[in-house]
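Whatever order the structure lists them in is the order used to number ligands and atoms, beginning at 1.
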Amino acid sequence: MTNSISEIENTDCILITGSNTAETHPIVGRMVKRAVDRKRAKLIIIDPRKVELVQYAHVWLRPRPGTDVAWINGLLHVILEEELWDKEYVAQRTEGFEEMRAAVAEYTPEFVERISGIPADDLRRAARMYAQAPRAMILYAMGITQHTRGTDNVKSLANLAMLCGNVGIEGGGVNPLRGQNNVQGACDMGALPNVLTGYQTVTDETILAKFQHGWGTGVRLSPRVGMAMTEMFPAVLEGKLKAMFIMGENPVISDANSSHVREALEKLDLLVVQDIFLTETAKLADVVLPAASFAEKDGTFTNTERRVQRVRKALNPPGNALADWEIITAIAQRVSVKLVERNSNGNGYLARPSSYGYWEYKSAEEIFDELAALTPSYAGISYARLERGGLQWPCPNKYHPGTPYLHQGRFARGLGKFHGITYTLPPELPDEEYPFYLSTGRIRYHYHTGSMTRRTRSMNRIAPEERIEMHPDDAGRMGIAEGDWVRVISRRGEVQARVRLTDRSAPGMVFGTFHFAETPINVLTNNALDPVGKIPEYKVSAVRVEKVSGPTQEGGDDNEQSQVEVEANVC
Ligand SMILES: Nc1nc2c(c(=O)[nH]1)N[C@H]1C(S)=C(S)[C@@H](COP(=O)(O)OP(=O)(O)OC[C@H]3O[C@@H](n4cnc5c(=O)[nH]c(N)nc54)[C@H](O)[C@@H]3O)O[C@H]1N2
Ligand SMILES: Nc1nc2c(c(=O)[nH]1)N[C@H]1C(S)=C(S)[C@@H](COP(=O)(O)OP(=O)(O)OC[C@H]3O[C@@H](n4cnc5c(=O)[nH]c(N)nc54)[C@H](O)[C@@H]3O)O[C@H]1N2
Ligand SMILES: [Mo]
């Protein structure tokens, strides 16, 4: 997030799009409700589903899935036409304005209505509400990013925030609600193909030299950008990738077009999976490395508002499980012995111990200190300081208090850049053969592939199985009643599940989750990727729905087996 969570209760207008906040970020959701109820903040929701927070919204726009660039350009168009933009801010702090203005010229509310289905006057109302608020905050999540145009969607939201002078102020910003407890931290640690810690790019020789020296490897670090996770599975199928080490991820269930993922994993020469449970992915592994869970190890998590917080070991891990860093260190020590042997045979550099000890960490804190020494945004953070509470990066030195919101006075890159972006259609849309939009996501009661939450009895009692959401009008037309079994079919596969009739989903659209391995929704989804973010099109694919009398043999057996497994694992 550019800004902090607490600012939600201290702003004049909140625009939420592509985020089912009340269910997926319930604490943030509560703060939004309080901001509306007690602080009289205006709330604009833009979401194809009638999410819970719609009850609190002053304006709800229901776009067709995958039409975000169009409606955001429409908002920009209205704000420009009605002279509601912040001219001083745009003049002093931004560049590229004319390019953006030219790109949005044709996006009149009427034109946008034809693309998105949003009534022109509602769009005007939302534009005025956002632009006239002294301070306005944008919150977004996966409904914006999980598209082949995800990066363009985010840039478009940045255009909107900058046009109204809402970046670099308290109670403003463009705020992605990060999903996992530590997804921000994982990215900060360089778990991305193109950067080292703190987003220091791997293609920059000075940065590489700093890390080579700091790590004391003696081995030249590669300046090559690696593959994104979603590019790896096709690479395996093309024979370009032979081995994989998967840590804390269950792609057999969570990745788009998952039949391909399974096929790829089965083709590998070596698959290692490091997880806290024996997941569907771990079952395909040659080697499974049991890891300790969050409660069983020391470390830090960095949350959605860039706040680094301590995690403390409360329990001993079961059996042979070790903290992830201990497993990685143990493997690295063995691999680096090999490297030394190979390199001392004459080709290349000799490994030598560094000031930190070469892969000889004694604690998570030692690793953190090495990270802080090599990472400007974390430089001022230490375990000792974290004892007194979390710190938000950038925190460049040990006296710095941390940074609640970014781009104050000046953008990280100097001037904020407007982008001229035009709308294109998602790659797969409903047609005669596959007449429904399929949208996928989450419900409150389960987490992702269910590997953790489906092991808890109470969650299973509330949400024991997948329910495909369908609008009552569509169901009525097709003779489908609440609880009936349907088969959902896309160009890539099919699943079976019971139906829940609800107006949360718009007519012409069905919604399902990826929480239930017996209903692996990702066999249906499209693995077309955003060219920059490499994120798949999870939110738009085309499907056909057929009523079936009950689960066919195959589906039924799977279901039963999995329920038994789940029961056996309840803890
Ligand atoms: N209970 C629970 N909470 C979770 C998780 C979980 O599995 N369970 N997972 C966590 C993780 S890792 C993440 S990333 C977050 C995800 O949090 P969210 O992104 O809030 O979750 P999703 O269910 O993916 O919902 C995305 C929203 O986008 C909307 N949407 C769909 N298509 C479009 C579109 O084309 N345009 C727009 N503007 N909106 C669209 C959907 O209707 C939905 O409201 O949740 C986190 N929190
Ligand atoms: N159709 C569809 N698919 C989606 C999405 C969608 O909206 N629609 N959303 C996507 C998104 S945003 C996300 S984030 C992904 C999530 O996809 P995944 O990350 O594959 O899903 P999880 O079930 O969270 O898997 C995390 C694994 O980490 C393990 N784990 C937990 N703690 C630890 C630990 O401390 N150490 C180790 N080594 N392992 C641990 C858990 O047991 C679990 O198996 O799914 C994506 N897939
Ligand atoms: Mo996520």
Side-chain angles (χ1 to χ4, degrees), residues 16-26 28-29 45-54 61-68 71-72 116 139-147 149-150 153 157 176-183 229 246-256 258 273-282 289-297 299 304 311 317 321 323-324 327-328 426 437-455 459 463 504-506 509 511-515 520-525 535-541:
I16 305 183
T17 183
S19 160
N20 181 6
T21 324
E23 291 198 65
T24 57
H25 293 89
V28 172
I45 303 266
I46 305 163
D47 199 297
R49 289 171 72 223
K50 194 174 177 184
V51 289
E52 191 179 309
L53 282 182
V54 163
L61 308 182
R62 180 176 242 182
R64 285 188 196 107
T67 60
D68 299 282
W71 64 255
I72 303 168
S116 69
L139 307 181
Y140 71 91
M142 294 300 118
I144 283 293
T145 51
Q146 287 175 341
H147 295 280
R149 299 293 306 279
N153 289 346
L157 288 177
L177 299 173
R178 307 295 311 243
Q180 293 136 317
N181 55 343
N182 194 38
V183 63
M229 193 264 257
I246 298 179
M247 189 175 142
E249 186 104 21
N250 188 10
V252 167
I253 305 298
S254 62
D255 233 48
S258 53
V273 173
Q274 182 167 320
D275 205 291
I276 60 171
F277 292 115
L278 191 67
T279 60
E280 291 74 15
T281 305
L289 299 168
S293 77
F294 72 97
E296 298 157 348
K297 61 191 173 199
T304 184
V311 184
D324 288 294
I327 303 175
I328 298 167
Y437 280 100
L438 170 70
S439 181
T440 65
R442 299 148 169 87
I443 56 168
R444 178 178 276 121
Y445 304 105
H446 283 295
Y447 193 75
H448 294 167
T449 66
S451 61
M452 296 178 282
T453 47
R454 293 197 70 205
R455 287 182 161 80
M459 299 296 192
R504 281 163 65 95
S505 287
M509 174 179 163
F511 171 84
T513 78
F514 61 113
H515 299 318
I521 204 94
N522 275 321
V523 305
L524 305 176
T525 49
I535 200 167
E537 185 85 65
Y538 286 123
K539 296 288 187 257
V540 187
S541 31

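Distances shorter than 4.0 angstrom occur between a heavy atom of I443 and an atom of ligand 1. Residue contacts with ligand 2: A292 is included, with a non-hydrogen atom under 4.0 Å away. Under the 4.0 angstrom criterion for non-hydrogen atoms, H147 is in contact with ligand 1. Residue H515 places a heavy atom under 4.0 Å from ligand 1.
For A291, the side chain to side chain contact (heavy atoms under 4.5 Å, CB included) criterion is met by Q274, I276, D324, I327, not counting sequence neighbours. For H25, there are no ring-ring contact (aromatic ring centres under 6.0 Å, His included) partners, not counting sequence neighbours.
For atom 8 (N) of ligand 1, the nearest non-hydrogen atom from the set E537, H446, R149 belongs to H446.
Checked by distance only, ligand 2 and T525 stay at 3.5 Å or farther apart across all their nitrogen or oxygen atoms. The distance criterion of under 3.5 Å between nitrogen or oxygen atoms is not met by Y447 with respect to ligand 2. Geometrically, ligand 2 and K297 share a nitrogen or oxygen pair separated by less than 3.5 Å. In terms of polar-atom proximity, M142 is counted as a contact of ligand 1, with an N or O under 3.5 Å from an N or O of the ligand.
Near G66, the atoms of ligand 1 lying under 4.0 angstrom from a non-hydrogen atom of the residue are 34 (C), 35 (O). Counting atoms of ligand 2 from 1 in the listed order, those under 4.0 Å from a heavy atom of H448 are 14 (S), 16 (C), 21 (O), 22 (P), 23 (O), 24 (O). The atoms of ligand 2 that sit less than 4.0 Å from any heavy atom of T279 are 44 (O). Residue contact check: I46 has heavy atoms under 4.0 Å from atoms 38 (N) of ligand 1. Heavy-atom proximity to R49, at under 4.0 Å, picks out these atoms of ligand 1: 42 (O). Residue-ligand proximity, T17 to ligand 1, at heavy-atom distances under 4.0 Å covers atoms 38 (N). Those atoms of ligand 2 with a heavy atom of D324 less than 4.0 angstrom away are 34 (C), 35 (O), 36 (N), 37 (C), 38 (N).
Residue contacts with ligand 2, taken as heavy atom pairs separated by less than 4.0 Å, involve N522 solely via side-chain atoms from C-beta onward. In S254, the parts holding a heavy atom less than 4.0 Å from any atom of ligand 2 are both the side chain and the backbone.
What sits closest to atom 34 (C) of ligand 1 on the protein, heavy atoms only, is G143 O, 3.3 Å. What sits closest to atom 4 (C) of ligand 1 on the protein, heavy atoms only, is T24 O, 3.6 Å.
Looking at T67, its side chain never comes within 3.5 Å of a backbone N or O of P63 through a donor-acceptor pair.
The aromatic rings of F514 and H448 lie parallel to each other, with less than 30° between the two planes, well short of the 60° mark.
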